[in-house]
Protein chains: 2
Amino acid sequence: MIHSKPINNIDKICQQKGISLTQKRHNIFDVLLSSMIPLSAYDITDIYKNKFVTSMPTMSIYRILEFLTGSGLVHKLESTNKYIACSHLQCDHEHTNAQFLICNSCSEVEEVALTQELHHQIEVGAEQKGFKLEALQFELHGTCKTCLKKQSH
Amino acid sequence: MIHSKPINNIDKICQQKGISLTQKRHNIFDVLLSSMIPLSAYDITDIYKNKFVTSMPTMSIYRILEFLTGSGLVHKLESTNKYIACSHLQCDHEHTNAQFLICNSCSEVEEVALTQELHHQIEVGAEQKGFKLEALQFELHGTCKTCLKKQSH
DNA sequence: TACATAATGATATGATATATCATTCAAATA
DNA sequence: TATTTGAATGATATATCATATCATTATGTA
Ligand SMILES: [Zn+2]
Ligand SMILES: [Zn+2]
Ligand SMILES: [Zn+2]
Ligand SMILES: [Zn+2]
C-alpha cells in the first residue's frame, strides 16, 4: 500500500525552494512517502535495504532526516520519535504550524493545517504569559475514522 | 533554587485521591518538585543519590515515574523526554488536558490549563475528520519572559 | 504466623540519537 | 583536463532513553 498523496513533482518543488535533493535524500523521502505510517530511522534502514538492495548506515539516515526536516519536506513526531513525509508540499501556503491526528490503534497519521484563528488564539494565550512562540506542532492522539468503524462492529 | 509552587499538602492530596505514596515515590516527587527544569529518569538518578545519600536504580525510577504520571502527579514531556511535577495539584478542576510553555533557552516550563473554549474547538476540528481525541497535551516551544528580557539587553 | 499482594532491586537488552573523523563525490576554477 | 574545495556520505564509537523479566523485600490481611 502506498501513501495517499503520491508526489510526482517533488524535484520541481525542491528546485523552486532551492533545496538540493541528492539521490540518497530522494530515496529516503520516497521510503517515507511510500509508508502508511511514520517510521523510525532504524525502520527506514531496514526498508531502504529491501527497496534499494543496497544498504545505508543509520547514521547517514539520521543526517538525511535532519536535512529533510530542516527543509520542511519531512516532519518528526516528537511523541513517537518517528518521521513522516509532509502532506502539504503541493499547497502554496506556508505552514509554520501543523497538527497531526495520530491514531493509537493503527498508527496512521493525518496532517492538518492549524487554522489561522486557532493559531492566533494560542499565540495570544502564550503572549499573555510573556512567552514568545516558535513554530507550533500539535500531536493529537486518539482513534481514526477507520478504526472507530471497526470497533463499532 | 526551588520550584515556584512548593506543595506541602501532597500527602493529603494523595489520600483524597486514593493514591498510595510510598516514601520512595514521595522522594522522587520531591526531586521533581525541587527542580526548576524537567528531568530525565537518569537525571533523577543522580540527584536522588546526592539528595538522599542512598541510591535508587534507574529502572525503579522509571517504574515510579510511570506510577506518578498515571496518577496525574507528574507529566512527561514527549518533545524532550523529560518529566515534570504537575503545577495544578492544588486546583480542584480536573485537567485532562494541559499546555506546556517550554523555553528553548533556559528549559523552564510553565504549565497552563487549556481553556474549555480552545479544547472544544480542537475537538470539533478533529471530529470533522472523523477522529476521536484522547487526552490532549500541547507542548509549545519558544522563549520565556525572563529570557526575552535578557536578550533585549 | 501464614499468606497474598504490592513495591522495589538486579540484570540484561532494546531503541533512539549524537559526536567525530575518514572518505567520496561533485561543482568551481585554473 | 587537472586541481582545488566544500558538501555529502560512510564508519565507528558512544551517549541517552526505555522495556522486559525474574528475584527479593515490604506491607497488609486472614
Ligand atoms: Zn507538513
Ligand atoms: Zn486507526
Ligand atoms: Zn498538570
Ligand atoms: Zn527561558
Side-chain angles (χ1 to χ4, degrees), chain A residues 11 14-15 17-32 35 37-49 51-71 73-84 102 104 107 139, chain B residues 11 14-15 17-32 35 37-49 51-71 73-84 102 104 107 139:
Chain A
D11 292 303
C14 285
Q15 212 173 346
K17 296 191 179 194
I19 297 169
S20 90
L21 209 61
T22 64
Q23 187 57 54
K24 295 184 179 181
R25 286 169 177 170
H26 199 126
N27 289 350
I28 299 292
F29 185 74
D30 277 347
V31 168
L32 285 172
S35 176
I37 58 174
L39 301 173
S40 76
Y42 290 88
D43 292 337
I44 295 171
T45 308
D46 295 339
I47 296 171
Y48 193 100
K49 188 148 50 184
K51 185 164 183 169
F52 299 105
V53 186
T54 167
S55 79
M56 185 185 297
T58 310
M59 304 311 113
S60 294
I61 290 173
Y62 268 108
R63 218 166 1 208
I64 288 176
L65 285 172
E66 192 185 357
F67 175 86
L68 294 173
T69 52
S71 306
L73 299 181
V74 165
H75 299 292
K76 179 181 182 187
L77 299 180
E78 302 286 0
S79 60
T80 56
N81 296 313
K82 292 194 161 41
Y83 301 81
I84 187 171
I102 304 168
N104 289 336
S107 299
E139 303 182 18
Chain B
D11 292 302
C14 285
Q15 212 174 346
K17 296 192 180 191
I19 298 168
S20 88
L21 209 62
T22 64
Q23 186 57 54
K24 295 184 179 181
R25 286 169 179 171
H26 199 126
N27 289 349
I28 300 293
F29 185 73
D30 277 349
V31 168
L32 285 171
S35 175
I37 59 173
L39 301 173
S40 76
Y42 288 87
D43 291 339
I44 296 172
T45 306
D46 294 340
I47 295 172
Y48 193 100
K49 188 147 51 185
K51 185 164 183 170
F52 299 104
V53 184
T54 167
S55 80
M56 185 185 297
T58 310
M59 303 311 114
S60 294
I61 289 172
Y62 267 109
R63 215 163 8 204
I64 289 176
L65 285 171
E66 192 185 357
F67 175 86
L68 294 174
T69 51
S71 307
L73 298 181
V74 164
H75 299 292
K76 179 181 182 188
L77 298 180
E78 302 286 0
S79 60
T80 56
N81 297 313
K82 292 193 162 42
Y83 300 83
I84 186 171
I102 304 168
N104 289 335
S107 300
E139 303 181 18

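Everything quoted here is computed from the prediction, not taken from an experiment.
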Please report the shortest heavy-atom distance between [X] and [Y], naming the atom on each side.
{"X": "A:P38", "Y": "A:S107", "value": "CD-O, 3.3 Å"}
{"X": "A:K76", "Y": "A:T69", "value": "N-CG2, 4.2 Å"}
{"X": "B:R25", "Y": "B:L68", "value": "O-CD1, 4.1 Å"}

Checklist line | Degree of bending, the helix from C:dT1-D:dA30 to C:dA30-D:dT1 (end axes from five pairs; round to 10°) | finding: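 Terminal axis comparison yields 20°.
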
Return yes if some donor-acceptor pair links the side-chain N/O of [X] with the main-chain N/O of [Y] below 3.5 Å, else return no.
{"X": "A:T45", "Y": "A:A41", "value": "yes"}
{"X": "B:E139", "Y": "B:I102", "value": "no"}
{"X": "A:S40", "Y": "A:D43", "value": "yes"}

Note to self: Is any side-chain heavy atom of A:L65 closer than 4.5 Å to one of A:I44?
What the structure shows: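 A:I44 reaches A:L65 side chain to side chain.
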
Check: Taking the side chain as C-beta and beyond, is there a heavy-atom pair between B:K24 and B:F52 under 4.5 Å?
Finding: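 No; the side chains remain at least 4.5 Å from each other.
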
Would you say [X] places a side-chain N or O within less than 4.0 Å of OP1 or OP2 belonging to [N]?
{"X": "A:Y83", "N": "C:dA17", "result": "yes"}
{"X": "B:N81", "N": "D:dT16", "result": "no"}
{"X": "B:K76", "N": "D:dC17", "result": "no"}

Notebook entry, point to check: If you draw a 6.0 Å radius around NZ in A:K49, do more than 12 non-hydrogen atoms from other residues or ligands fall strictly inside?
Noted result: no

Note to self: How many whole angstroms separate atom CD of B:E66 from atom C1' of D:dA18?
What the structure shows: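 Rounded to the whole Å, the gap is 11 Å.
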
Next item on the list: Could you state the atom-to-atom distance from NZ of A:K82 to C1' of D:dC17 in whole Å?
Entry: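 My rounded result for the distance is 13 Å.
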
Check: Does a side chain donor of either B:Q23 or B:N27 reach within less than 3.5 Å of an acceptor in the other side chain?
Finding: yes

Margin query: So if I take residues 38-47 of chain A and measure heavy-atom distances to DNA chain D, which residues fall below 4.0 Å?
Written below: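 Contacts with DNA chain D under 4.0 Å: none.
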
Notebook entry, point to check: Can you give one letter per nucleotide of nucleotides 5-12 of chain D, 5' to 3': B if a protein heavy atom sits under 4.0 Å from the base, S if only from the sugar-phosphate, - if neither?
Noted result: ---SBB-B

Notebook entry, point to check: Hey, what do you get for CG (B:D46) to CG (B:L39), rounding to the nearest 0.5 Å?
Noted result: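 That separation rounds to 10.0 Å.
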
